[in-house]
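Model, not experiment: these values are computed from the prediction. Residue numbering restarts at 1 for every chain, and letters A, B, ... go by the order of the sequence lines.
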Protein chains: 2
Amino acid sequence: MLNLNQLRIFYHVARRLSFTAAAGDLFISQPAVSAQIKCFEDFCGLRLLKKRGRTLHLTDEGMALYDYARKIFECEREIENALEDMRALKRGVLRLGTTKTYARYFMPDLITRFHEAFPNIKVQLNEGSSLEMTESLLDFQNEVAIVAKAVEHPDVVFKPFSQEEVVLVSSPGHPAGEKVHLTLEELTHEPIIMKEKGSGTRKLVAEAFSKKGLVPNILMETSNTEFIKQLVQRGEGIAFLVRAAIALELQEGKLRILRIAEKPLFLDVSIAHLKGQSLSPPAKVFLEMLSNIAAAGGAPNKGLRSLMADVLASHWSRPSRP
Amino acid sequence: MLNLNQLRIFYHVARRLSFTAAAGDLFISQPAVSAQIKCFEDFCGLRLLKKRGRTLHLTDEGMALYDYARKIFECEREIENALEDMRALKRGVLRLGTTKTYARYFMPDLITRFHEAFPNIKVQLNEGSSLEMTESLLDFQNEVAIVAKAVEHPDVVFKPFSQEEVVLVSSPGHPAGEKVHLTLEELTHEPIIMKEKGSGTRKLVAEAFSKKGLVPNILMETSNTEFIKQLVQRGEGIAFLVRAAIALELQEGKLRILRIAEKPLFLDVSIAHLKGQSLSPPAKVFLEMLSNIAAAGGAPNKGLRSLMADVLASHWSRPSRP
DNA sequence: GCGAGCCATAAATTAAACTTATGGATAACA
DNA sequence: TGTTATCCATAAGTTTAATTTATGGCTCGC
């Protein structure tokens with residue numbers, strides 16, 4: 001097998017046409033170069049260098065080999081650059097999993113912030129239910145997931161990140177809107193358009209009902225929040241949705257929030273990643289960023305030029321739960 | 001500096017996604033692989049491999065590095081192939097210097113033979129005077145030279161290869177042709193068209209004259225043998241030329257040989273190369289081929305499809321000098 | 001739950017690479 | 001033309017790096 005250390009020494013000798021100079025470049029002694037070149041020529045079974053007087057020349061074979069060696073060590077240089085870029089976060093991938101709702105209403109801001117700090121890290125955003133995204137960590141599809149804590153897993157760490165209020169919404173003219181405080185019992189008579197099974201919202205709502213021994217009247221279910229909003233606007237039913245998801249519709253008066261007699265529903269959003277320090281540099285800094293945001297109470301990024309600015313503002317400035 | 005041994009081990013681990021399998025491929029023990037991979041990750045400052053259960057995965061950084069590593073080791077494979085080809089003479093260059101006359105009249109046969117034996121060795125034929133070609137060995141322009149031994153040189157070996165008869169030629173109707181045996185004295189009255197200084201033929205002829213204290217009557221001189229033949233055919237003068245160079249013209253009756261009273265002139269042709277075993281494999285086998293040819297008395301290659309066949313035949317079948 | 005397979009770890013060994021010291025050859029310089 | 005500096009070769013000794021053997025832990029399939 002080719003000894004690449006010897007090839008490296010040969011490369012430097014060929015480049016400088018001097019054993020001594022090559023030794024200097026490589027920070028080794030001249031006899032070390034002599035010995036390795038000799039070994040290398042023996043291995044090759046070819047003379048690679050000729051000496052005339054005290055000037056060194058490459059043989060034809062040496063030339064051919066030098067051409068190849070240059071390719072290899074150019075490639076080595078590329079590797080070193082790539083390594084440096086990866087270490088310095090000038091290059092890399094952040095594979096991130098979130099729920100559809102989160103991806104739609106909260107991620108644009110987060111990703112924009114991340115890109116501002118690390119412009120060269122590609123973000124690959126994958127969507128799925130909280131459970132799917134948590135499981136996607138286990139087979140390395142994603143490195144970080146932002147989810148409603150679904151199922152505890154021994155190898156996954158969940159860090160609380162934020163709490164999203166889940167509100168009951170109807171069309172502005174919906175008769176249920178007359179009541180000041182709707183009870184869950186009363187709601188069982190109303191057709192509800194529900195998020196799909198596996199959804200964090202669905203789980204939260206379902207638990208609220210079942211805690212009282214009640215069964216909601218589910219008219220239909222879908223994972224498509226926009227679709228739910230459309231149906232609710234048309235008065236087909238009412239729905240439980242994350243407040244931030246309906247910010248625009250509230251502003252425009254297309255939807256209204258129905259007050260319920262219960263204490264407000266909050267969806268716990270967590271950052272999930274595998275246990276252990278096995279995070280890539282991009283994932284590490286992303287988690288750091290999220291920690292900082294969480295610690296700062298989710299203060300909005302004022303410099304953000306996102307179209308979602310208003311929606312996001314309503315998200316980040318929501319009053320924290322008592 | 002990147003440790004290419006470690007990169008190699010990483011490459012095999014990444015390829016097989018198994019430390020044990022990689023160890024097998026590399027004919028080393030599994031702990032050796034573990035240790036080197038650990039060193040390599042430390043050097044990189046990045047985790048390159050992840051273990052889930054007992055299956056190994058590449059991290060994103062590992063993937064990136066693996067892509068580079070593949071390039072490097074593909075290139076290494078190319079080097080190994082190139083080395084093997086060069087050793088096996090399936091690839092290489094033979095840089096050969098000869099005189100113009102030799103290149104024109106004898107080399108086609110030699111090169112054809114050589115190519116038949118070593119089809120993949122490129123022959124680079126350089127022409128110049130015997131002296132120039134001998135000197136071209138010293139600065140490695142050529143590795144082998146076929147020359148009239150010009151000047152002895154301590155670093156150059158001359159091996160006698162053949163002797164080419166130099167004959168005096170005139171046009172068929174030239175008045176000098178009436179004489180049966182021309183003496184050199186008589187020739188001093190004839191205008192001679194002479195090869196250029198530095199030419200082996202010129203040197204041979206000049207010595208023959210000067211040995212008798214005579215000075216030839218040189219009408220003109222040129223290195224272009226074809227031009228000399230043209231002038232002689234037109235009756236502008238007579239010339240000394242290597243017999244093989246005028247074989248066609250003799251056959252066609254365009255030139256005639258003038259008998260001289262002297263004993264025939266023979267030009268000693270030698271193979272010259274640098275002293276020492278510093279010859280490339282192509283040069284070595286070429287010299288071997290020449291030795292065989294010389295030993296066999298220069299027997300013609302009957303399979304030769306060269307246009308020069310006749311000319312060459314007259315060369316190889318000439319009676320050897322007593 | 002038991003055993004086979006795979007990787008990690010530690011200590012000891014081996015082999016490769018390197019250094020220092022020195023000598024010979026070449027070319028530049030006086 | 002001798003002198004000197006430079007460069008490579010050689011040899012012996014040293015150091016570092018890589019590797020092996022031995023072992024233990026963990027995971028997965030049975």
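Residues of residues 48-63 of chain B that place a heavy atom closer than 4.0 Å to DNA chain D, in numerical order, are B:Gly53, B:Arg54. The stretch residues 20-46 of chain B touches DNA chain C through B:Thr20, B:Gln30, B:Pro31, B:Ser34, B:Lys38, each having a heavy atom within less than 4.0 Å of the strand. Of the residues in residues 6-13 of chain B, B:Gln6, B:Ile9 come within less than 4.0 Å of DNA chain D through at least one heavy atom, sorted by number.
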Only pairs under 3.5 Å count here: list side-chain donor-acceptor contacts from residues 22-31 of chain A, not counting sequence neighbours, and write none if there are none.
residue: A:Asp25; atom: OD1; partner: A:Arg16; partner atom: NH1; Å: 2.7
residue: A:Asp25; atom: OD2; partner: A:Arg15; partner atom: NH2; Å: 3.1
residue: A:Asp25; atom: OD2; partner: A:Arg16; partner atom: NH1; Å: 2.9
residue: A:Gln30; atom: NE2; partner: A:Ser34; partner atom: OG; Å: 3.0

Enumerate donor-acceptor pairs with a distance under 3.5 Å from any side-chain N or O in residues 37-45 of chain A to protein atoms, sequence neighbours excluded.
residue: A:Glu41; atom: OE2; partner: A:Leu48; partner atom: N; Å: 2.7
residue: A:Glu41; atom: OE2; partner: A:Leu49; partner atom: N; Å: 3.1

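When all heavy atoms of A:Gln6 and A:Gln36 are compared, the closest pair comes out as CG-NE2, 3.7 Å. Heavy atoms only, all atoms of each residue included: B:Ile79 and A:Ile72 are closest at CD1-CD1, 4.0 Å. Nearest heavy-atom pair across B:Phe161 and B:Leu290 is CE1-O, 3.3 Å.
Once you apply a 4.0 Å limit to the heavy atoms of chain B, the touched nucleotides of DNA chain D run 5' to 3' over D:dA18 to D:dC28.
Partners of A:Lys50 under the salt bridge (Lys or Arg N to Asp or Glu O under 4.0 Å) rule, at least two apart in sequence or in another chain, are B:Glu143. Applying the salt bridge (Lys or Arg N to Asp or Glu O under 4.0 Å) rule to A:Glu76 yields the partners A:Arg8; only residues at least two apart in sequence or on another chain are considered. Every residue two or more places apart in sequence or in another chain that forms a salt bridge (Lys or Arg N to Asp or Glu O under 4.0 Å) with B:Glu84 is listed here: B:Arg87. The side chain to side chain donor-acceptor pair (under 3.5 Å) search around B:Gln124 returns none, not counting sequence neighbours. Partners of A:Arg91 according to the salt bridge (Lys or Arg N to Asp or Glu O under 4.0 Å) rule, which considers only residues two or more places apart in sequence or in another chain, do not exist here.
For the residue pair B:Lys203/B:Ser130, the side-chain donor-acceptor check at 3.5 Å is not satisfied.
For the pair A:Asn3 and C:dA16, the criterion of a side-chain N or O lying under 4.0 Å from OP1 or OP2 is not met.
Side-chain contact between B:Phe140 and A:Thr59 is absent, with no heavy-atom pair separated by less than 4.5 Å. By the 4.5 Å heavy-atom criterion applied to side chains, A:Tyr102 and A:Ser162 are counted as neighbours. A:Phe158 is listed as a side-chain neighbour of A:Thr134, based on a closest heavy-atom distance under 4.5 Å.
Rounded to 10°, the helix from C:dG1-D:dC30 to C:dA30-D:dT1 has 30° between the axis fitted to its first five pairs and the one fitted to its last five.
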Dump the intermediate steps for side-chain contact (heavy atoms from CB on, under 4.5 Å) on A:Leu2 and B:Leu83, then the final yes or no.
-> CA-CA 10 Å; A:Leu2 193 63; B:Leu83 281 175; 4.2 Å; yes
